[in-house]
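In this chain, numbering begins with 1 at the start of the sequence shown.
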Amino acid sequence: MTTALQLPPDRFFPPDPTERGAARAVYEETAGLPIVSPHGHVDPALLADDAPFPEPTSLLVTPDHYVFRMLHSQGVALDALGIARADGTRAEAAPRAVWQTFCAHWHLFAGTPTRAWMEYVLHEVFGVREAPSSATADRLYDAIAERLASPEYRPRALFERFGIETLATTDAATDALDHHAALATEGWGVGPHGPRMIPTFRPDALVFIARPDWRSHLDRLGELTGASIDDYGAFIAALRQRREAFAALGAVATDHGAASARTGWLSPSERDAVFARALAGEASEADEAAFTAHMLMAFAEMSADDGLVMQLHVGCYRNHDGPLFERFGPDRGADIPLATEFTHALRPLLSAFGSAPGFRLVAFTLDESTYARELAPLAGHYPGLMLGPAWWFHDSIEGMLRYRERTTETAGFYNTAGFNDDTRAFCSIPARHDLARRIDAHYLGRLVARHQLGLEEAREIGRALAYDLPRRAYNLDGARAPVVQVSTNGVAP
């Protein structure tokens, strides 16, 4: 016996009829808007190559750590799922067998956002009308594989079908950006209204000076910039040069992950001494923490100068599962929320740049307890600070509602940056944006039913949250078209 896969039109709306009707009206305002995705992790090679997806598993299961972390939690080995190891190898795992395993464990995803996203993808993108199970696995695999073989399911065709206007990737500061350069020469990124796939500058590997591989990243930075980086001044100059190369290909933002939100300048003598110890391979964890706090200030100063929006992600214990990290590398679903303090930690940065013209910081955290206590009050005061959307484990039905409930009364709607999907799973992008729009409609519908908002104002706010605010937060209306002539070493001319 199989179960039908259905998507009720009022899913995720409030059960109260009055609230549900208002939510439906708000959602109707936003459902057809283009997708603006200013923060994500889709591989730019996907669109640059525009090659057909090989089969369902490599598209829907193995790129999505939400999927395989749940299976791992129930004892399914990552090797059995064909997940790439840290050294780039994979265990032999037939794609159809991996798909069978996923379908046989479909019940594990009940009540999770992954279920909501995957149901949308199966139903809306691939026309599936049966729920995954052991009995339906082969039929679903064959049906999806047949569709993937058609031109309509190539990456660029899906990009346009999904209504994606802007999709930002996240790229190491030492990435040569060859795929982005190739896309730019083909017109992807021309003008402020898509289709656009743009890079995002992430320099974390160059900041974590106590890690064993830091020097290799520094050498790569020198190679790309043609500089000999033997002191802090040369380091900063090289970073500025790479930011220019990213901006030349349409980048509008930087991205920074840190163990804490601590910020603060080191004195010139302290800064030079720490950098010298790093060059000698003698930097300690305390050196790295102090240098990270200093570099967040330096990056904020750069953003105030060049206009790239600064994103900060904290409140996360990354790669908590040590043995799994050693075997499979990062981003394997073992990142766990941490309690995080912002009020004292961000004061040096916000005092220096929080009211500076042209500066913008979008803050994200996995510690949702701090939304009402610290982040919303800070964003409700500093012109340069905006709240990023609920992130990772909280970009769920209840998590997104809690986010609005805990931030709106202090920060309002217009000090938030709308929604971004933060995903590696390409086909889940429209599913995640649809879910976010429905949850915002749910919240706004409740305010309308309480006569706290009029319906037309709620519709206007819904549109802003879905489209206008992410464009404004990331300066997309004024974003310059990329420069398409890029030298072979990835440095902007």
N/O donor-acceptor pair under 3.5 Å between [X] side chain and [Y] backbone:
X    : Y    : answer
R424 : H65  : no
R406 : A372 : no
S303 : A300 : no
R147 : F126 : yes
S396 : G399 : yes
T170 : G40  : yes
R242 : D175 : yes
D16  : E19  : yes
D335 : N319 : yes
Y141 : E55  : no

Would you say that [X] contacts [Y] through its side chain, given a criterion of any heavy-atom pair below 4.5 Å between the two side chains?
X    : Y    : result
V42  : I429 : yes
F53  : L158 : yes
R432 : F419 : yes
I35  : R437 : yes
M310 : H256 : yes
Y382 : L346 : no
W106 : T3   : no
L60  : C427 : yes

Requested in this report: Begin with the C-alpha distance, continue with both residues' side-chain angles, and end with the deciding distance and a verdict on side-chain contact (heavy atoms from CB on, under 4.5 Å) for H180 and F246.
Outcome: CA-CA 9 Å; H180 282 287; F246 273 69; over 6 Å; no
In Å and rounded to the nearest 0.5 Å, what is the [atom1] to [atom2] distance from [X] to [Y]?
X    : Y    : atom1 : atom2 : result
D204 : R318 : CG    : CZ    : 7.5 Å
L375 : N415 : CG    : CG    : 12.0 Å
F359 : L350 : CZ    : CG    : 7.0 Å
T254 : D171 : OG1   : CG    : 12.5 Å

Query raised in the report: Would D367 and T365 satisfy side chain to side chain donor-acceptor pair (under 3.5 Å), going step by step from the backbone distance to the final call?
Result: CA-CA 5 Å; D367 178 15; T365 183; 5.2 Å; no
Search all heavy atoms of [X] against all heavy atoms of [Y] and return the closest pair with its distance.
X    : Y    : value
I198 : A251 : CB-N, 4.5 Å
A51  : P155 : O-CD, 3.2 Å
A173 : P203 : CB-CA, 3.9 Å
F364 : G388 : CE2-CA, 3.6 Å
M297 : P348 : CE-O, 3.6 Å
I397 : A116 : CD1-CB, 4.4 Å

Is the distance between the ring centroids of [X] and [Y] less than 6.0 Å?
X    : Y    : answer
H39  : H313 : yes
W117 : Y120 : no
Y371 : Y403 : yes

Query - side-chain contact (heavy atoms from CB on, under 4.5 Å) between R262 and L296, worked out - result: CA-CA 8 Å; R262 173 186 167 189; L296 288 176; over 6 Å; no
Report task. Decide, yes or no, whether a salt bridge links E119 with R115 under the criterion of side-chain N to carboxylate O below 4.0 Å. Result ->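 Looking at E119 and R115, the cut-off is met.
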Requested in this report: Could you tell me whether R332 and D321 make a salt bridge, using a distance below 4.0 angstrom between a side-chain N and a carboxylate O?
Outcome: no
Report task. Taking atom NE2 of H107 as the centre, report whether more than 12 heavy atoms of other residues, nucleotides or ligands fall under 6.0 Å from it. Result -> yes
Query raised in the report: Within a reach of under 6.0 Å around CD of E405, are more than 12 heavy atoms found that belong to other residues, nucleotides or ligands?
Result: yes
Query - Residues in side-chain hydrogen bond (donor to acceptor under 3.5 Å, both in side chains) contact with D468, at least two apart in sequence or another chain - result: none
Requested in this report: Could you list the residues that satisfy side-chain hydrogen bond (donor to acceptor under 3.5 Å, both in side chains) with Y27, not counting sequence neighbours?
Outcome: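 With neighbours one apart ignored, the set is D434, R438.
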Requested in this report: Applying side chain to side chain donor-acceptor pair (under 3.5 Å) between S37 and each of T166, D421, T169, D422, report the one that passes.
Outcome: D421
Report summary line: With V362 as partner, the option from V309, N420, L387, L385 fulfilling side-chain contact (heavy atoms from CB on, under 4.5 Å) is V309
Query raised in the report: Do the ring planes of F162 and F426 sit parallel (below 30°), tilted (30 to 60°) or perpendicular (above 60°)?
Result: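 Correct class here is tilted.
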Query raised in the report: Would T136 and T2 satisfy side chain to side chain donor-acceptor pair (under 3.5 Å), going step by step from the backbone distance to the final call?
Result: CA-CA 7 Å; T136 64; T2 63; over 6 Å; no
Query raised in the report: What's the verdict on side-chain contact (heavy atoms from CB on, under 4.5 Å) for R129 and H123, showing C-alpha distance, side-chain angles and the deciding distance?
Result: CA-CA 6 Å; R129 296 298 182 264; H123 192 280; 3.4 Å; yes
**Report entry** Charged tip of R243 within 45° of F201 ring normal and under 6.0 Å
**Finding:**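 Yes.
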Report task. Would you check, one step at a time, whether the test side-chain contact (heavy atoms from CB on, under 4.5 Å) holds for R156 with E186? Result -> CA-CA 12 Å; R156 295 189 188 185; E186 296 184 52; 2.8 Å; yes
